[in-house]
Amino acid sequence: WGISEKYYNSGYNWVDIANENKLANANVILVDQELVIPNIEVKTATAPKEAIASGESTIGPPISGGSYTVVKEDNLWAISVRAYSDGYKWTEIWQENKAQIANPNLIYPDQVLKLKR
């Protein structure tokens, strides 16, 4: 993600870098490992704002305000879609709440997450 942000000003192209370099695990990059940075279009990904605003999302109703209380079966991606209309902003929620979220794959009901507005 970080390398993609550096070269594309967008973390969303990390998969392209991993594929171009045939990385078996994109979380494991060795010191001094040379990576090929593909010359491709910058990716962005957002959910349709109209669907989120109208409550049509299958993930749940829109989230407004500066905080959100986690409920059963929530995940940072779904919360991000509902709060920002962009699932890829889950990393911002995680960064804002790292003090209470050691592993972004593990959030629990009744946790109160701070949301940037």
Pairs meeting criterion side-chain hydrogen bond (donor to acceptor under 3.5 Å, both in side chains) with involvement of [range], two or more places apart:
| range | result |
| --- | --- |
| residues 107-117 | none |
| residues 1-11 | Trp1-Glu5 |
| residues 25-41 | none |

Contact between [X] and [Y] at the side-chain level, heavy atoms closer than 4.5 Å - yes or no?
| X | Y | value |
| --- | --- | --- |
| Ile3 | Leu35 | yes |
| Ile79 | Ile107 | yes |
| Tyr84 | Ile93 | yes |
| Lys89 | Val81 | no |
| Pro38 | Ile17 | yes |
| Pro104 | Leu76 | yes |
| Val70 | Val112 | no |

Could you check whether any side-chain N or O of Arg82 sits under 3.5 Å from a backbone N or O of Pro61, counting only pairs where one atom can act as donor and the other as acceptor? yes
So, taking the atom named CG in Asp86 and the one named OG in Ser80, what distance separates them when rounded to the nearest 0.5 Å? 5.5 Å
Residues that Lys98 engages under side chain to side chain contact (heavy atoms under 4.5 Å, CB included), provided they are two or more places apart: Trp94, Gln95
My understanding is that only residues two or more places apart in sequence, or in another chain, count here; which of them pass side chain to side chain contact (heavy atoms under 4.5 Å, CB included) with Val15? Asn19
Which is it for Val42 and Asn13 under the side-chain contact (heavy atoms from CB on, under 4.5 Å) test, yes or no, and what are the steps along the way? CA-CA 7 Å; Val42 174; Asn13 289 86; 4.1 Å; yes
Angle between ring planes, Tyr88 versus Tyr12, binned at 30° and 60°: parallel, tilted or perpendicular? tilted
List the residues meeting side chain to side chain donor-acceptor pair (under 3.5 Å) with Asp74, not counting sequence neighbours, and say none if there are none. Tyr68
Given side-chain contact (heavy atoms from CB on, under 4.5 Å), test Asn21 with Ile29 step by step and report yes or no. CA-CA 11 Å; Asn21 291 279; Ile29 299 173; over 6 Å; no
